[in-house]
Amino acid sequence: MQETKTQNALTFVDEDGPSVVALRGAYDRTIGELSTYFNQCVVSTDSRRCHWPGKSSDLRKHGGDAFPWDGASDTEARIIDERINSYVSLFMSALSRANIRAYPVESGDTGRSRVVSAFLKWMVASYIPRFTQEMELASNYLLERGLMITYIGWERMEKRYLQKVDLQQIAAASPDLARLILEGNNDDDVIALLKTIYPDILDKRAKKAMKELRNKGVCEIPVSRLSVDRPFLQTCAPDGDVFFPSYCIDPQRAPFVFYRTFLSVQEVLSRVSSDGWDEEWSQYIVEKFRGVNTYNLESVYGTRGATTTRYRQQYNAAELVEVIYGFQRLIDPEDGSEGIYCTIFHPKFSGENTKIQGYAKHELLNGYNDYPFVVTRLSNESKRLYEVQTFTDLLRGPQDQVKTERDSRIDRNSLATLPPIMHPPGNAPTDYGPGRFIPVRRNGEITFGPTPQYNPGSVEMEQTMMDAADKIVGLSEKSAISPVRQQFFINKFLSHAQEVLKMAFKCYQRFGPEQTFFRVTGVADPMEFSRGNADEDFDIRISFDVLNNDPETQESRLKQFVSLLQIDKNGRINTDSLLEAMAAAIDPIMADAILQPAEQASQQVVKQVTDDLSKIYAGIEVGARPNGAQIALSVIQQYTQQPDIGARLQQDEAFATRLQKYMAQYQFAITQMQNAEIGRLGTAPAQMGEVNTQGVQQAPQQAVQ
């Protein structure tokens with residue numbers, strides 16, 4: 001019976017509120033079932049950071065179990081850490097140089113897609129706080145622990161500030177209130193009017209403000225201001241912050257997921273007014289469950305290995321409170337509708353045997369069709385979410401072997417520096433070192449023992465293991481498959497960032513302000529962006545080719561695309577798009593600064609040419625612009641066809657000379673481009689009238705017959 005009640009609480013919406021007992025049970029059960037994965041994360045973390053039992057600060061072995069002797073080498077071999085850091089660098093470089101574009105899903109969104117692309121770039125650069133830092137942390141989790149999880153939400157926070165207000169400001173807002181204050185009567189009406197004009201003021205503060213206004217003519221009144229209204233994302237430790245059921249295959253199909261965080265006492269209490277948390281619950285939790293161990297900030301309590309605790313300083317954080325956000329897919333039993341619900345609770349308090357409810361808040365997340373998490377796995381060789389392989393799993397063997405080889409060479413050098421001293425029994429030398437006096441009865445009684453011969457195979461074995469490690473993860477310069485493996489891992493990272501950005505944009509469409517002003521590189525004035533329809537959809541892409549890291553390969557690719565223009569007789573290549581892609585490949589930030597839309601560029605050329613024509617008409621000689629020759633000649637032709645301009649050209653020889661010189665420079669620029677075509681073909685391109693027929697292929701004779 002109890003089990004059925006618990007299952008129903010985790011499946012259906014209850015009008016009386018959520019069952020915190022059932023949620024706590026599901027949370028504890030989930031933590032226990034994930035112990036295998038947590039232990040895997042312990043091993044991965046310790047292996048990457050070269051932590052092992054008995055490790056000393058001098059990197060020497062000590063104690064009775066020391067092998068081969070006490071004081072032997074116990075050096076670090078950071079094979080795993082070096083390769084993870086290399087990939088993190090590749091990931092962040094790819095993200096900084098990636099091309100972020102929003103492609104329209106429907107034909108009606110074509111014109112808006114370019115503005116959305118610019119807005120997305122601004123979101124990454126400025127609007128989303130700590131986007132780059134959170135993605136860097138996520139990449140470390142992906143490689144070290146096999147999972148990359150990011151929480152995406154919307155952060156809206158109002159803060160109260162004390163503001164000085166005088167009687168003149170009161171009178172401007174409400175003359176009746178100012179009159180009542182000066183009269184000194186009807187205090188209840190004064191307080192009521194103050195609370196109407198300033199809704200954040202409480203009765204006690206209102207009485208104090210009323211007295212100060214009567215005595216001093218000025219008072220301090222709390223005023224709420226919207227200080228934060230933006231997307232919010234946080235990278236979650238897969239073994240300490242977010243927990244899916246152990247059987248989970250698709251994170252978005254899980255019946256529940258738990259998000260664990262730590263809030264300061266001030267944050268817990270402020271959420272009562274800003275987020276609608278239950279006041280009694282907040283005060284009770286702060287009073288009874290305040291304080292956590294810093295060891296629990298990145299891990300769940302009681303699951304990590306005992307050896308790890310020796311490598312981290314432990315202390316209590318009395319200012320923090322642990323809070324769990326329980327997300328559930330629940331069914332409404334009345335109509336069968338499904339929704340994402342969130343219940344905020346404490347893992348050690350259910351509200352039983354008290355008059356306080358067991359949760360801070362329970363709500364339906366309007367606007368969310370899925371859980372607000374993006375999850376990416378490093379490997380997909382199995383179905384279950386937590387059955388993953390990490391870089392640590394792949395590289396632990398080579399790292400251990402390299403450490404063994406380095407320890408053996410250090411120990412051999414130690415023996416060569418000071419070999420064992422052979423002496424008669426009972427006559428051990430009391431001291432040894434340069435300038436020491438060692439008594440002997442006859443030569444040969446005290447000698448050095450034999451030292452092991454130098455083994456060149458040890459260096460070769462270490463290099464072999466290093467090459468094997470690079471080949472395993474795709475960092476070997478000798479392997480032709482390495483660029484493919486690098487692109488595979490980079491695509492995983494960028495796909496995660498792409499989904500995070502897409503979900504953040506969806507949050508903006510649902511919860512953001514109607515209008516937002518933003519600045520992009522190269523544009524002095526801020527741009528205005530409307531959030532549009534919440535159901536509006538764009539295909540957001542973040543792409544980067546790993547071969548772009550090679551300057552020679554990149555230069556070769558650009559030249560090949562330019563050469564295609566010479567055989568493009570049907571205009572299939574969009575020159576503007578090619579120019580944009582080439583500029584982005586060279587430097588995406590500078591490309592955003594210098595490139596402008598084709599329509600805007602044409603308008604700018606027309607404006608520049610008309611300005612030049614005005615100067616020429618006024619008697620000032622100017623030179624041709626460096627580009628836009630075809631558009632410029634068209635503008636000049638239309639300019640000369642005006643009756644008054646044609647008449648002046650016939651009457652004013654100086655004006656005609658200036659205009660002809662200006663037009664000749666544009667004609668020369670076009671001739672230069674035509675000469676390049678003639679140099680390739682040997683003659684002028686074939687034409688029929690004004691139609692270029694050079695690329696038209698003649699039909700075979702047999703076909704004609």
Query raised in the report: How about K207: does its NZ atom have over 12 heavy atoms from other parts shown lying under 6.0 Å from it?
Result: no
Report summary line: Closest non-hydrogen contact found for F327 with P372 is CE2-CG, 3.9 Å
Report task. Compare all side-chain heavy atoms of I128 with those of L501 and state whether any distance is below 4.5 angstrom. Result -> yes
Query raised in the report: In Å, rounded to the nearest 0.5 Å, how long is the span from CZ of F349 to CD1 of I356?
Result: 5.0 Å
Report task. Considering non-hydrogen atoms only, spot the tightest contact between L330 and A9 and give its length. Result -> CD2-O, 4.2 Å
Query raised in the report: So does D335 have more than 12 non-hydrogen atoms from other groups sitting under 6.0 Å from CG?
Result: yes
Requested in this report: Please say whether the positively charged group of R145, taken as NZ for Lys or CZ for Arg, lies over the ring of Y37, i.e. under 6.0 angstrom from the six-membered ring centre and within 45 degrees of the axis.
Outcome: no
Query - Minimum side-chain heavy-atom gap Y141-I149 below 4.5 Å - result: no
**Report entry** E279 atom CD, over 12 foreign heavy atoms within 6.0 Å
**Finding:** no
Query raised in the report: Between D166 and Q168, is there a donor-acceptor pair closer than 3.5 Å when you use the side chain of the first and the backbone of the second?
Result: yes
Requested in this report: With the side chain counted from C-beta on, respond yes when R260 and Y27 share a heavy-atom pair under 4.5 Å apart, and no when they do not.
Outcome: yes
Requested in this report: Assign the ring pair Y359 / H362 to parallel, tilted or perpendicular, where the plane angle (0 to 90°) is split at 30° and 60°.
Outcome: perpendicular
Query raised in the report: What residues form a side chain to side chain donor-acceptor pair (under 3.5 Å) with S282, not counting sequence neighbours?
Result: none
Report task. Apply the test side-chain contact (heavy atoms from CB on, under 4.5 Å) to residues M503 and F373: give CA-CA distance (whole Å), side-chain angles for both, the deciding distance (0.1 Å), then the verdict. Result -> CA-CA 9 Å; M503 188 174 290; F373 298 97; over 6 Å; no
Report task. Give the C-alpha distance, both sets of side-chain angles, the deciding distance and a yes or no for ring pair (Phe, Tyr, Trp, His ring centres under 6.0 Å) between F119 and W122. Result -> CA-CA 5 Å; F119 183 74; W122 175 73; 5.5 Å; yes
Query - Under 3.5 Å donor-acceptor, Y259 side chain and Y151 backbone - result: no
Report task. Assess whether side-chain contact (heavy atoms from CB on, under 4.5 Å) is satisfied between K361 and W281, documenting all intermediate values. Result -> CA-CA 9 Å; K361 187 179 182 180; W281 183 92; over 6 Å; no
Report task. Working to the nearest 0.5 Å, report the span between CD1 of I201 and CD of E220. Result -> 11.0 Å
Report task. Before giving the answer on side-chain contact (heavy atoms from CB on, under 4.5 Å), spell out for T30 and F244 the whole-Å C-alpha distance, their side-chain angles and the decisive distance to 0.1 Å. Result -> CA-CA 7 Å; T30 300; F244 292 89; over 6 Å; no
Query raised in the report: Between K348 and D28, is there a salt bridge with N-O shorter than 4.0 Å?
Result: no
Query - Expected output: side-chain T45 to main-chain V42 donor-acceptor under 3.5 Å - result: no
**Report entry** Contact check, side chains of V190 and L177, non-hydrogen atoms, under 4.5 Å
**Finding:** yes
Query raised in the report: Would one find more than 12 heavy atoms of other residues, nucleotides or ligands at under 6.0 Å from atom CD of E338?
Result: yes
Query raised in the report: Should the pair Y508 and F505 be assigned to parallel (<30°), tilted (30 to 60°) or perpendicular (>60°) ring geometry?
Result: parallel
Report task. Decide, yes or no, whether a salt bridge links D203 with K195 under the criterion of side-chain N to carboxylate O below 4.0 Å. Result -> yes
Query - Test log, rule side-chain hydrogen bond (donor to acceptor under 3.5 Å, both in side chains), inputs Y127 and T516 - result: CA-CA 10 Å; Y127 198 25; T516 300; 4.8 Å; no
**Report entry** Under 3.5 Å donor-acceptor, Q328 side chain and L23 backbone
**Finding:** no
Query raised in the report: How far does CZ of F345 sit from OH of Y325, to the nearest 0.5 angstrom?
Result: 12.0 Å
**Report entry** I285 side, atom CD1; L263 side, atom CG - distance, nearest 0.5 Å
**Finding:** 11.5 Å
Report task. State the CG-CG distance between D370 and L365, to the nearest 0.5 angstrom. Result -> 11.5 Å
Query raised in the report: If you measure from the Lys or Arg side-chain nitrogens to the Asp or Glu carboxylate oxygens, is any gap between R49 and E144 under 4.0 Å?
Result: yes
Requested in this report: Check the pair W277, V323 against side-chain contact (heavy atoms from CB on, under 4.5 Å), reporting the backbone distance first and the verdict last.
Outcome: CA-CA 12 Å; W277 285 19; V323 176; 4.3 Å; yes
Query raised in the report: Shortest non-hydrogen contact from V321 to R290?
Result: CG2-CA, 4.2 Å
Query raised in the report: Would a distance-only check, ignoring hydrogens and angles, find a side-chain to backbone donor-acceptor pair under 3.5 Å from Y386 to P238?
Result: no
Query raised in the report: Would you say the side-chain atoms of D275 pair up with the backbone N or O of R271, donor to acceptor, closer than 3.5 Å?
Result: no
Query raised in the report: If every non-hydrogen atom of A206 is compared with every non-hydrogen atom of L194, which pair is closest and at what distance?
Result: O-CD1, 3.8 Å
Query raised in the report: With a 4.5 Å limit on heavy-atom distance, are the side chains of T150 and Q234 in contact?
Result: no
Query raised in the report: Is the closest basic N to carboxylate O distance between K5 and D14 below 4.0 Å?
Result: no
Query raised in the report: Do the numbers put R101 on top of the ring of Y103, so that NZ or CZ is under 6.0 Å from the six-membered ring centre and no more than 45° off the axis?
Result: yes
**Report entry** Donor-acceptor under 3.5 Å (S117 side chain, A102 main chain)
**Finding:** yes
Requested in this report: Could you tell me whether a side-chain N or O of R329 sits under 3.5 Å from a main-chain N or O of Q252, the two making a donor and an acceptor?
Outcome: yes
Query raised in the report: How long is the span from the CZ atom in F91 to the CG atom in L494, to the nearest 0.5 Å?
Result: 8.5 Å
Report summary line: Scanning both residues in full, the closest heavy-atom pair of P222 with L162 reads N-CD2, 3.9 Å
Query raised in the report: Are the side chain of R24 and the backbone N or O of P347 linked by a donor-acceptor pair below 3.5 Å?
Result: yes
**Report entry** Minimum-distance pair of heavy atoms, taken over all atoms of F256 and P245
**Finding:** O-CD, 3.3 Å
Report task. Quickly, which of Q133, E134, E136, R130 forms a side-chain hydrogen bond (donor to acceptor under 3.5 Å, both in side chains) with T235? Name it, please. Result -> E134
Report task. Check whether any side-chain heavy atom of I170 lies under 4.5 Å from a side-chain heavy atom of Y198, and answer yes or no. Result -> yes
Query raised in the report: Is there a side-chain contact between Q283 and L269, using heavy atoms and a 4.5 Å cut-off?
Result: yes
Query raised in the report: Side chains of I181 and R214: does their closest heavy-atom pair fall under 4.5 Å?
Result: yes
